[in-house]
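Note sheet for the following structure.
Protein chains get the first letters and strands the later ones, always in sequence-line order, with residue 1 at the start of each. Nothing here was measured: the structure is a model prediction, and the numbers come from that model.
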Amino acid sequence: MNKLTMLGWVSIALIAVGSVLGLAVLPADALQGEVQRLLYVHVPVAWVMMLAFFVVFLMSILYLVQRQLKWDLLAVSAAELGVLAAVLTLILGTLWGRPTWGIWWAWDPRVTTTALLVPIYTGYLVVRSMTEDPDRRARWAAVIGLIAFVQVPIVYLSVFWWRSLHQPPSSPQSMWSAYGLVMLLGFVAYTLAFAYLWLRRYRLAATELELELSGPEEG
Amino acid sequence: MNDHWLFIGAGYGITWASLCWYLLRLRRRERMAAAASGRGGEGARAGGPG
Amino acid sequence: MSDLPRRAAAILWKDILSETRTRQGFTAMLSFAALVLFMFSFAIGVDNDLLGRLAGGLLWVAIVFTGTLSLGRTFQNEELAGGTRLLRLYPGDVRAIYLGKLAGNLVVLAALEVVLFPAAAILYQVDFTAQAGPLLLVAVLGTFGFSVIGTFFSALTVHLRARELLLPLLLFPALVPVVLGSVGATEAFLAGDPLGRAGGWLRLLASYDVILFVVCLWIFPVVLEE
């Protein structure tokens, strides 16, 4: 078994262990009750989303500096996973918000910014898929990946101010040790899963680029 | 309370479902690419989980 | 480097000439903006208090929608005549192209706002004159931010098949700080700024404008590279 496959199985196993701990082993949270269990997934997935978009930014910079297509392929692989993680974060967030706040959508600054990340990086992926020439595609994608990362913190800040005019930010959550450990496990598990899917997606992208460059007649 | 378990179940279920969906989609594309490049089976052999 | 403003001005002048020769584009844009203002009233109803309170937001949404349509035309002349190859034939630093096109968009949007602000004042019964100075500052900062981002993304999307769709997709999320800042400051000033919030929004607008302008100007040559 090669290393990448091992990484895949390890991350799946850790996610499974985390799910069992979060669903069945841990007692319900004293303040928030059972619904707290969703946070063991929601928070790590949100972290993976941020990690993925940060990777897109780094790879975009590397591409613009070195102009090697592999950086572009690594960037697009992370962008795809980032969009997936962002959508998951939103779904988990609304599922948590409904029992907790009583409404699906509270215009929480973090949630709202995450929702804005989806069209930003969908735009990134669509622009990429609509450009035929690999070098142009990589260049424009890298530019969007870079600009997106500049604008996102300010988008968050502005949404935060906008919201803070109406409602104070939510209070900090209680940190219980077992809760913290399961959360930590979630962080590790989902980060490994991201690394696995990212590298595997990159290998696929590299194969596809090779096919594209060798021309449609071949094979 | 039961209501909450519905939300929790949906959350965990959707997470697992989307992981599996992404893996299957990856594997299908890998097989297509492997078949197209004529180096048959390499993508499938390195398939991994999913 | 000292050539940059002159080259930018040349591109601006060329676009103004070709635009004034056929004014249909601008006339259509104004009509569209007026229709957007009407649509808001139709959607919200003739509640003068409500419309007055929403006026700042409605006005900026109208500017953003109409402005986005006009942004799509930024590079249209060159694209029709031969794509970015033609743009690269302009002599000197390509940043001049960005600056010239940016100035062109500013002129168009300023002309739009000169009509749109009085129209909103009449239709929504708000009084912009009491705070004319501060509101002018908001309009300048908001319009500049919109043009900086819009010009950049229209250069990025001009070759794409679905550019009418992709330009707003990339543009609107990037405009969130501009829209929130402009609307926040406009509404604060219209209410007489009792809570002193307008200053914060203006600072947000100004810093976002500066940061995005620097980044866009710096990276623009990469967009047009071959």
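By the neighbour-count criterion of 12 heavy atoms within 6.0 Å, atom CZ of R67(A) is densely surrounded, having more than that number from other residues, nucleotides or ligands. Counting non-hydrogen atoms of neighbouring residues, nucleotides and ligands closer than 6.0 angstrom, the CD atom of E132(A) reaches no more than 12 such neighbours. With a 6.0 Å radius and a threshold of 12 heavy atoms from other residues, nucleotides or ligands, W218(C) has its CH2 atom at or below the threshold. Atom CZ of F172(C) has more than 12 heavy atoms from other residues, nucleotides or ligands within 6.0 Å. Within 6.0 Å of the CG atom in L165(C), the count of heavy atoms belonging to other residues, nucleotides or ligands does not exceed 12.
Contacts between F152(C) and chain A at a heavy-atom distance below 4.5 Å involve the side chain alone, from C-beta outward. In this structure, chain C has no heavy atom under 4.5 Å from any part of L117(A). Looking at L156(C), both its backbone and its side chain come within 4.5 Å of chain A, counting heavy atoms on both sides. In this structure, chain A has heavy atoms under 4.5 Å from both the backbone and the side chain of L169(C). Residue I154(A) touches chain C through both its backbone and its side chain, counting heavy-atom pairs closer than 4.5 Å. Residue Y156(A) does not touch chain C at all, counting heavy-atom pairs closer than 4.5 Å. For V143(A), the parts lying under 4.5 angstrom from a heavy atom of chain C are both the backbone and the side chain.
The two atoms that bring V155(A) and P173(C) nearest to each other are CG2-O, 3.7 Å, heavy atoms only. For the residue pair R139(A) and L224(C), the shortest heavy atom distance occurs at NH2-C, 4.4 Å.
Put simply, the side chain of V176(C) reaches to within 4.5 Å of the side chain of S158(A), judged on heavy atoms. Side-chain atoms of L146(A) and V215(C), non-hydrogen and from C-beta on, do get closer than 4.5 Å to each other. L64(A) has its side chain within reach of I219(C): a pair of non-hydrogen atoms, C-beta onward, lies under 4.5 Å apart. Taking the side chain as every heavy atom from C-beta outward, M130(A) and L166(C) approach each other to under 4.5 Å.
To the nearest 0.5 Å, atom CG of residue L170(C) and atom CD1 of residue I144(A) are 5.0 Å apart. Here the straight-line distance linking atom CG of L116(A) with atom CG of L175(C) works out to 11.0 Å at 0.5 Å rounding. To the nearest 0.5 Å, atom CZ of residue R128(A) and atom CG of residue L160(C) are 13.0 Å apart.
Aromatic ring orientation, W201(C) versus W161(A): perpendicular (interplanar angle above 60°, classes split at 30° and 60°).
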